[in-house]
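This structure is a prediction, so every number in the text was calculated from the model and none was measured. Just follow the structure's listing: the first ligand is 1, and inside any ligand the first atom is 1.
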Amino acid sequence: MKYIKSILLLLTVTFFGSLAAYAQDNYPANYARAPRFKALLFYNKHVEEAHLQFAEQTIDFFKRLTYGDGYILEVTDNFSAYTDRLNDYDVLIAVNDAPVSAKDRAAFEKYMENGGGWIGFHAAAYNDRNTKWPWFNKFLGAGVFYCNNWPPQPALLDIDVTDHAVTKNLPASFVAPASEWYQWDPSPRSNPNVDILLSLSSRNYPIGIKDVVKFGDFPVVWTNRDYRMIYLNMGHGDVEYLDATQNLLFVNAFRWIVSRDPKGNPFEK
Ligand code: ZN
């Protein structure tokens, strides 16, 4: 009997001992003890209604991602008030808004040139011949706004790069919720520093009811490898968050930018 007890004790010690070792070395989850990083979401209230609708839903979406205090999210409709302390943030979420004044642009340039993070939606990258901010085109790796479909409508998107962190768990193609899709001149596809991750399928053509686009290149999600940035063309209206695949894409894009922080990957903390 004593012998059996010893065996049982030995087995118990071995079992819990190996559990402890497993917890240290191989445990699958990594629970953060504190907020992992800090994000600043900026938007503009003085924009077209559909762009504000998207901004309001985007604020809600990113707030939900903070649940459990995974990270700190600050939200502003006044980017200018933050330009003296952009370095406090590991990532900027630009929602249909971009710096306008010379001071704000200079602060943004300095932040991005020194490893800052940016995830930009829709009109956050809008620029035309009147914008007069050549650095911004260098940053985007793209030219000016060229044309769009109208009205907003769903579209079939194709994944261009299937083994990228942002796309690896997405289907090869999916129908994205209604949006206003942009073409660019020149297209970021002509820039060797740019990786186009998703595009509108050519099977969408002709796309539009009032303004009909019959051909051309609609890159939808891209990154310029010279910066810690990703641009997503979605961002028009109040139905953008109705699709789980697209929501997953947004999480992937956000997570990827954050994970490449030059100060270290906060998800490995
Ligand atoms: Zn729009």
Pairs of donor and acceptor atoms involving the side chains of residues 149-159, under 3.5 Å and at least two apart or interchain, shall be tabulated with distances.
| unit_1 | atom_1 | unit_2 | atom_2 | d |
| --- | --- | --- | --- | --- |
| Asn149 | OD1 | Trp181 | N | 2.7 |
| Asn149 | ND2 | Pro151 | O | 3.1 |
| Gln153 | OE1 | Gly208 | N | 3.2 |

Identity of the N, O or S atom of His236 lying closest to the Zn ion (ligand 1):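 This residue's closest N, O or S atom turns out to be ND1.
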The Zn ion (ligand 1) - closest N/O/S atom in Glu180: OE1
Within 45 degrees of the ring normal and closer than 6.0 Å to the centroid, is that where the cationic atom of Arg64 sits relative to Phe62?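 Because its charged atom misses either the 6.0 Å distance or the 45° angle limit, Arg64 does not stack over Phe62.
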Row check, Tyr205 ring normal vs Lys214 NZ/CZ: under 6.0 Å, within 45°: no
The Zn ion (ligand 1) as vertex, arms to NE2 of His51 and NE2 of His122: angle to 10°?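 About 100° at the Zn ion (ligand 1).
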Using every non-hydrogen atom in the two residues, find where Ile257 and Met229 come nearest and quote the distance to one decimal.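 Smallest interatomic distance, heavy atoms only, reads CD1-C, 3.4 Å.
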